[in-house]
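First the structure, in the form of structure tokens, and then the observations on it.
Each ligand, and each atom within it, is numbered from 1 in the order the structure gives.
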Amino acid sequence: MDANSAGTDVSADHVIAELLEMGFEFDKISEAIGVVGPCRADVVEFVLNGSGSAQRKPGGGSQRRSSDRSARLANPRGKFKQSSITDHIASTTGSKTESCGEEPSTSYSCLAANMNPASTAALCFQPKPKHQTLVDDPRGEFDRTDKICAVLQKHFGFSCVKSFQKEALDAWFAHKDCLVLAATGSGKSLCFQIPALLTTKVVVVISPLISLMHDQCLKLAKHGISACFLGSGQPDNRVEGKAMAGMYKIIYVCPETVLRLMEPLKKLAEKPGIALFAIDEVHCVSKWGHDFRPDYRKLSVLRQNFCSSKLKFLEHDIPLMALTATATLPVREDILKSLKMSELTVVVLTSFFRQNLRFNVKHSKTSASSYGKDFQELIGTYNASRNFKGKSQKILHEVEPESESSSYESLDDSASDDEDAIADKTKLAKSFVKENAEHELDQYPGVDDFDVSCGEFLESSRPESFAFPVQSHETSSSESLDQGPTIVYVPTRKGTVELANYLCKSGLKAAAYNAKMPRSHLRQVHEQFHSNALEVVVATIAFGMGIDKSNVRRIIHYGLPQSLEAYYQEAGRAGRDGKLSDCTLYCNFMRTPTLLPNKRSDEQTRAAYRMLRDCFHYALNTSTCRARILVKYFGEEFGPDGCQMCDVCINGPPEMHDFKEEAVVFMNVLQAQAGQAIEGMDYNSTDCYISGRRNFGAVPDFRTIVSYIREKIPRFAVTDKIWWQGLARILEDMGYIQEAAEIPRVLIQHPELTRAGLNFLSSQPDKEGLYAYPDAATLLAISNPKSFSSSSEWGRGWADPEIRRQRLAGKTGRRKRKRGSRRQPAGFTTAKERLSAILSKSKRRK
Ligand SMILES: Nc1ncnc2c1ncn2[C@@H]1O[C@H](COP(=O)(O)OP(=O)(O)OP(=O)(O)O)[C@@H](O)[C@H]1O
Ligand SMILES: [Mg+2]
């Protein structure tokens, strides 16, 4: 027993902090100290029985006042009750067996504020009034529920584990491998942290990012759990040796380091023992996932090496626990297979649905020219709270965006640097922009890319002396923001700087974050984001996985992410406190997304296009609840009512449209091209608008087909290509057409009819219509028709002498076109004129 538990006086602060950690209420502790003085045993006695052995000591009251702050810091929740303090004293002092003696006077209860409503039901345990201890062998005679409950309460202040956490722990108790699939922010970390507290063995956690490991180690330290992380980001070279000697309860490592440390880990497995290998963010294993990390696949060595057949001193295989919030069915299969997880692996699956997230999609050009329109509301939200009077925040980077289209250059420029400094910075900025133009995207993260505190950040040629904004505003950094912070994800590094500059100039406390920025800056952004000093972080995907900040109110994607997995993972950083939060995606419906990761095989290209395509379809969707699409993507069925919060649920679907006429024409052209016969039908007798067969090349090309239709059928000349793409999506969804190319892209490139399509064509005269909801791009094309815009169409009219004459006459005019003025095909002053020329040409041909 330590001096404290023996009843020796210590400072009131210490006693308060300790008892708060045990779960006592702050008011009761304070009251007790006021009566019996700062002696833990007496305070405990007083709180439990309303009396104490010690007499009231003078000065207790003042000590109580001075200790308020530290006590709250030690346990900000400070409200928990527990049934039997003796259990906790036992565990705190390391005593093997202690009897709690009496029935508890209070019971554990679920703490609603700490529960994520999206997760599955919580299990609340009533602790049993019996002999209880935290012994080294958790599979021993004592009730495991009580042990879990006790460590949970003691270290984390929670009184219940969620049901999925219990399932994962049960699998571990049974020495089984386990795959945990649970929503972002649901509490997966506890599944592998609790085992470390139930044994003297060590838990080894494999994690993809140093920043993530670092965050978790810091948190664990706050909860009184010793942890470290290993790898190139670890500045202290003694830590590895200490970790391999079993001096930390939890060791975080990146996969690369695990592979290097195989032999020391085997020694660790012998003494003091490894309780569990946890593989966090395990979707990184899969090539089909959105964050593929090749080294994750090599982690199969864990299952192969740490089993009782290989290591004779092991009684059981060391269990693997793999965890992720974003794994589709194929990814799950890939995980089990690639990691060679046991056939008896327990799969713990919870709902992916986050009921406090409100999903929205908006059409935008997503360029600097649309910042004003798109961020007006956000700027208003933050500025309203502090009567913003047009004062801009200090810009974090005086990096002028290269883009000519930047619409905010005219805004107040608060730079006060002297000319030389500005020239230097401009030079740097240019090289920065150039550099980033080459590596525009932040690629799938590497372990060292996002280190925010310990080095190994990607080489950066730029100095770390950029000014950092935020402190100049009236609001102090410690003031909590009612609105809660916002993360804006943009696809390019350049975009992070541009948009953050714009927001700063508009008065917001914003910062850019991308993998090429100086380490010190990134560290500051992390710190200020976590301390609520920043309102908005504008980031690439580098602002990463596992960010556990409870009050993020808005996640804005300004541009399409690369997959729905990535989107859901990133959107999942909002509302971890369970409060309503917005997840808004701005997407340019008129532009086909093309951004793909750099280095990739054909197989990966195919997968990347598929993911991008799913994402684009999500954005274009106008008729299905967004939450439904998202959870369905992860294989989960959703109730019939939808979330009742997303833009689709709120606005309802658009009117259905009859696409039959155009669909029949489109499919007829495909059929004519492919020479596909409809059973029992003479092709020439069908009511076909297109006569004769045109040779489009070996595989029909979508663009050529559409141009051909528009050329042949005058009334379709005004139907925009975007509209036809919408029709193709509908026909593809209905299974009437499919992509013929080996690597399907986001938009259909080489459509071909399917059997169902052929059947539809043969039976279409009897069909009343082909009704479907137009998607968002189709609706835009309808409301804003554009005729003949492609270069091929321009070339197509060239054979016509009249058109040729007009175009040649207009050639000089075209050359004289002012920069920035709208491009018009030469020879026609208006689109209408152009269209009528084309239509008359088409008539003459007939
Ligand atoms: N049983 C519990 N009761 C109350 N709160 C809990 C419980 N378990 C975990 N939490 C809280 O939930 C929050 C999210 O936990 P955690 O970071 O482990 O989520 P996660 O599932 O790993 O999310 P991500 O997928 O984003 O990594 C934490 O703040 C944690 O304290
Ligand atoms: Mg996590």
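- Inspection of the Y567 and Q562 side chains reveals no N or O donor paired with an N or O acceptor under 3.5 Å.
- Remark: ligand 1 atoms within the under-4.0 Å shell around heavy atoms of L190 are 7 (C), 8 (N), 9 (C).
- Side-chain N or O atoms of E535 include none that pairs as donor or acceptor with a backbone N or O of T486 at under 3.5 Å.
- Of all the heavy atoms of R576, the ones lying under 4.0 Å from any atom of ligand 1 belong exclusively to the side chain.
- Salt bridge E636/R628: absent, no basic N to carboxylate O contact under 4.0 Å.
- Listed for the R354 side chain is a donor-acceptor partner under 3.5 Å among the backbone atoms of G575.
- Residue Q216 places every heavy atom at 4.0 Å or more from ligand 1.
- Using a cutoff of 4.0 Å between basic side-chain nitrogens and carboxylate oxygens, D582 and R358 are scored as salt-bridged.
- Ligand 1 lies within reach of A183, whose nearest heavy atom is under 4.0 Å from it.
- Contact annotation for A325 and ligand 1: only side-chain heavy atoms (C-beta onward) come within less than 4.0 Å of the ligand.
- Shown in contact with S189 at under 4.0 Å from a heavy atom are these atoms of ligand 1, numbered in order with element: 16 (P), 17 (O), 18 (O), 22 (O).
- For the residue pair S286 and D334, a side-chain donor N or O sits within less than 3.5 Å of a side-chain acceptor on the partner.
- The E281 neighbourhood of ligand 1 comprises atoms 27 (O), with distances under 4.0 Å to a heavy atom of that residue.
- For atom 14 (C) of ligand 1, the candidate residues are C191, G185, G572; the nearest heavy-atom contact is made by G185.
- The side chain to side chain donor-acceptor pair (under 3.5 Å) check on D177 picks up R303, with sequence neighbours excluded.
- Between the side chains of R493 and T540, no donor N or O sits under 3.5 Å from an acceptor N or O.
- For ligand 1, the atoms lying closer than 4.0 Å to a non-hydrogen atom of C160 are 1 (N), 2 (C), 3 (N).
- Among the atoms of G187, some N or O lies under 3.5 angstrom from an N or O of ligand 1.
- For ligand 1, the polar-atom distance check finds an N/O of Q165 within less than 3.5 Å of one of the ligand's N/O atoms.
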